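Letters A, B, ... are given to chains in the order of the sequence lines, protein chains preceding strands, and every chain is numbered from 1. Predicted model only: the values in this text are computed from it and were never measured.
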Protein chains: 2
Amino acid sequence: MNALFKALNDPTRRAILERLRNGPATAGAIAEQFQFSAPTISHHLDLLRQADLVTSQKQGQFVVYTLNMTVFDELLGWLYQFKS
Amino acid sequence: MNALFKALNDPTRRAILERLRNGPATAGAIAEQFQFSAPTISHHLDLLRQADLVTSQKQGQFVVYTLNMTVFDELLGWLYQFKS
DNA sequence: TCAATGTTTAGGCAAATGTCTAAATAAAAC
DNA sequence: GTTTTATTTAGACATTTGCCTAAACATTGA
């Protein structure tokens with residue numbers, strides 16, 4: 001839960017998630033969309049992975065990142081307790 | 001959106017929100033539940049207010065904090081785009 | 001094998017964060 | 001009117017965060 005909220009608490013990381021809504025992408029393709037350096041984006045991706053918001057698979061020299069939506073259910077569950 | 005995620009990215013603040021699920025409470029009553037100083041809790045309450053997650057009304061020498069659930073809809077809306 | 005490409009790791013730095021104590025403000029009680 | 005009670009503001013400090021550059025690692029291609 002901590003890692004989840006931490007990962008979401010950054011506009012760049014949220015933008016990465018929105019980018020991945022359109023389908024998986026390599027680290028490089030993701031980094032191209034932003035004005036930050038590749039290491040910076042790599043670090044953001046690491047935090048997203050720690051929160052289980054994305055998964056990564058190595059494909060040759062590329063690393064493909066994929067959105068993992070199942071963890072959103074945890075967040076929805078947390079929110080739901082406030083809606084009653 | 002930034003203030004919202006920022007406010008949620010702290011276990012103490014989330015615990016305050018859960019506390020307020022049971023109804024409004026004064027700053028002092030909230031502070032009693034935690035091991036932090038009153039100024040620290042006051043600061044947390046300020047961040048929650050900035051995110052519009054709580055409202056505050058002064059009642060005599062007390063300040064009563066109330067959960068504001070309407071802002072959760074914004075968060076639900078953001079989440080929803082990922083569920084399709 | 002050597003060079004190029006894609007990504008991560010390491011280390012450094014400024015800014016933001018979470019905590020504290022001390023002081024200020026405001027209302028209540030004596 | 002002075003003291004107590006409730007809360008916030010101010011300022012300090014250690015830790016975390018987000019960024020960078022340089023270097024390392026891993027794979028592909030000549």
His43(A) side chain near dC20(D) phosphate (N/O to OP1/OP2, under 4.0 Å): no

First of Asn9(A) and Gly28(A) reached from the 5' end of DNA chain C, by closest nucleotide: Gly28(A)

Nearest heavy atom decides the nucleotide; on that basis, is Gln61(A) or Arg49(B) closer to the 5' end of DNA chain D? Arg49(B)

His44(B) NE2 to dT17(C) P, in whole Å, measures 12 Å

Tell me what Asp46(A) touches on the nucleic acid: a base, only sugar-phosphate, or nothing, going by heavy atoms under 4.0 Å. nothing

Reading DNA chain D from 5' onward, which residue's closest nucleotide shows up sooner: Lys6(A) or Gln35(A)? Lys6(A)

Under 4.0 Å between a side-chain N/O of Thr26(B) and OP1 or OP2 of dT7(D), yes or no? yes

If you define the side chain from C-beta out and look only at heavy atoms, does anything of Ile41(B) sit under 4.5 Å from Thr12(B)? yes

Does Ser37(A) place a side-chain N or O at less than 4.0 Å from the phosphate oxygens OP1/OP2 of dC19(D)? no

For Thr55(A), is there any backbone N or O sitting under 3.5 Å from a side-chain donor or acceptor partner on Asn68(A)? no

Separation of dA6(D) C1' from Ile41(B) CD1 (nearest whole Å): 15 Å

Taking only the side-chain nitrogens and oxygens of Ser42(B), find out if one of them lies under 4.0 Å from OP1 or OP2 of dT8(D). yes

Side chain proximity check, Leu4(A) to Trp78(A), heavy atoms < 4.5 angstrom: no

Taking only the side-chain nitrogens and oxygens of Lys58(A), find out if one of them lies under 4.0 Å from OP1 or OP2 of dA26(D). no

Between P on dT8(C) and CG on Leu48(A), what's the gap in Å once rounded to a whole number? 12 Å

Any side-chain heavy-atom pair of Leu76(A) and Leu79(B) under 4.5 Å: yes

Does Tyr65(B) put a side-chain nitrogen or oxygen below 4.0 Å from OP1 or OP2 of dT8(D)? yes

Atom CZ of Arg13(A) and atom C1' of dC19(D): how far apart are they, to the nearest Å? 12 Å

